[in-house]
Amino acid sequence: MSPSRPGLSPDLLKEIAKANRKRLERWSDELDRTGRVVLRTSFLKTFGFAVFAWICVGALVTMFTVMPLSMWNPLSVDFAGWVQLVFGLLLFMGLILFGFGAVLWTFVYPMVRPRTIVSRWGVQAVVSKPGGPLTLFEAAWSDIVAVGGGIYSFTRWPFPPVLTVRISAQGKSVQRKVLIRPRRMPETVVANISGMLRGRPRDVLAFLVHVQTAVDEGRYVGSWRAGSGEWRQR
């Protein structure tokens, strides 16, 4: 892998170096045997997010139950002040947010089963729907400009920085489904790879980068050589 590959900062190279070698070996062996690897949504991640969201919903509902709503009503004699009103509005917004997440991770994700398919042709992001699968994004390796990402620290300790994996592509093979279609397709389409897939995001990033490297160099995609961090040609 070349450090000069577009989209790979020193921080991303460090993440790739820490990727799970056994998982990469398993994925690359599957790609070698079948020509594609289906990266499915992690049940444990989905379950964990769902439980966390329902706990937050329960805590917020309890708080609204214990504290009379009249304390947040400016027209009530029990009104506790504008600070209390703002606090109540923030709690209500949190209830909506966590309620949406609870429904999403409990019902929507198990039904649509988001997955990313990595093949010798390219990359596809697919979900299930009545009548068959729906492709949200697809691009051939020949049209993928860069595989990269970013590391974001939205929160402080004890929450670790979040690694996002992105694919930038341009060309005739690029397709992307969006809720609001723009007037014209951008020259370069950037797609985020779901962080809910099995394995760590660094594993997905390392796998995509090395498959792209093997394809670009015209090598037959073989397995990951354990301990060396290089591709072994078969």
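Each residue takes its place number in the sequence, starting with 1.
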What closest approach, in Å, do S173 and D143 show between heavy atoms, and which atom pair accounts for it?
OG-OD2, 2.5 Å

Answer whether the closest heavy-atom distance between the side chains of V51 and W105 falls below 4.5 Å.
no

Do R166 and V147 have side chains that approach each other closer than 4.5 Å (heavy atoms only, starting at C-beta)?
no

Shortest non-hydrogen contact between I144 and Q212, atoms and distance
O-NE2, 3.4 Å

Decide if atom NZ of K14 counts as having more than 12 heavy atoms of other residues, nucleotides or ligands within a radius under 6.0 Å.
no

Is there a side chain to side chain donor-acceptor pair (under 3.5 Å) between R115 and S128? Walk through the geometry before answering.
CA-CA 9 Å; R115 52 203 181 273; S128 298; 3.1 Å; yes

Please tell me if the side chains of M196 and Y109 come closer than 4.5 Å, counting only heavy atoms from C-beta onward.
yes

Could you check if a side-chain atom of I55 sits within less than 4.5 angstrom of a side-chain atom of F98, using non-hydrogen atoms only?
no

Heavy-atom check, side chain of V123 versus side chain of E138, under 4.5 Å
no

Presence of salt bridge, E30 and R33, under 4.0 angstrom
no

Can you check whether L95 reaches V61 side chain to side chain, under 4.5 Å on heavy atoms?
yes

Could you point out which residue of N20, L197, L39, V165 forms a side chain to side chain contact (heavy atoms under 4.5 Å, CB included) with D203?
N20

Within the structure provided, determine whether T116 and L208 are in side-chain contact (heavy-atom separation under 4.5 Å).
no

